[in-house]
Amino acid sequence: TFRCAGGLPVSAVIARRFPPDPLSSAEDGAFLGELTSGVTATATFAVSAGASALPETYDSSVEVRYDEPDGDTRFTDGLPVGVPVSESDGGPPLVPIGAGVMIILVGGAYVLIRRQ
């Protein structure tokens, strides 16, 4: 969840995650649109683990892009996030939903800090 903490609205907000090999994702980002002060938006990322993935935590990152009212485009620094991979239960190996939530929360916290 991302929250606009500044006094001015931001637009064209896009959250992007960069999963390392052997993790992958069919989508390269989540469009969140415009956020006004105090408004929150949630981005959901589906990340899957390839057959060579081991049950461990992989380093990943999230970046948020947004346009300020004066037209300047800003990017957050890459936010490091650990993405845990667990043992397969016979189906395709998937990263737990909690990893996606963790990425979103870290990204949202960074936006809050950056906008203040």
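Residues take their numbers from the sequence shown, with the count starting at 1. None of these values were measured; they are calculated from a predicted model.
- Distance check, rounded to the nearest 0.5 Å: OH of Tyr66 to CG of Asp72 gives 10.0 Å.
- Closest heavy-atom contact between Phe18 and Ser60: O-OG, 3.1 Å.
- Under a 4.5 Å side-chain heavy-atom cut-off, the cluster of Ile, Leu, Val, Met, Phe, Trp and Tyr residues that includes Phe31 is completed by Ile14.
- Rounding to the nearest 0.5 Å gives a distance of 8.5 Å between OG of Ser37 and CG of Leu8.
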Please lay out, stage by stage, how Tyr58 and Val85 fare under the test side-chain contact (heavy atoms from CB on, under 4.5 Å).
CA-CA 8 Å; Tyr58 289 85; Val85 173; 3.7 Å; yes

Start with the C-alpha gap between Asp67 and Val10, add the side-chain angles, then the distance that decides, and say whether side-chain contact (heavy atoms from CB on, under 4.5 Å) holds.
CA-CA 6 Å; Asp67 293 339; Val10 293; over 6 Å; no

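- Residue Ser52 holds its OG atom at 9.0 Å from CG of Leu23, rounded to the nearest 0.5 Å.
- Closest of all the heavy-atom pairs between Asp59 and Pro20 is O-CG, 2.9 Å.
- Remark: side-chain polar atoms of Arg65 are paired, donor with acceptor, to backbone N or O of Ala12 under 3.5 angstrom.
- Panel note: side chain Ser11, backbone Glu34; no donor-acceptor pair is recorded below 3.5 Å.
- Listed for the Ser25 side chain is no donor-acceptor partner under 3.5 Å among the backbone atoms of Val47.
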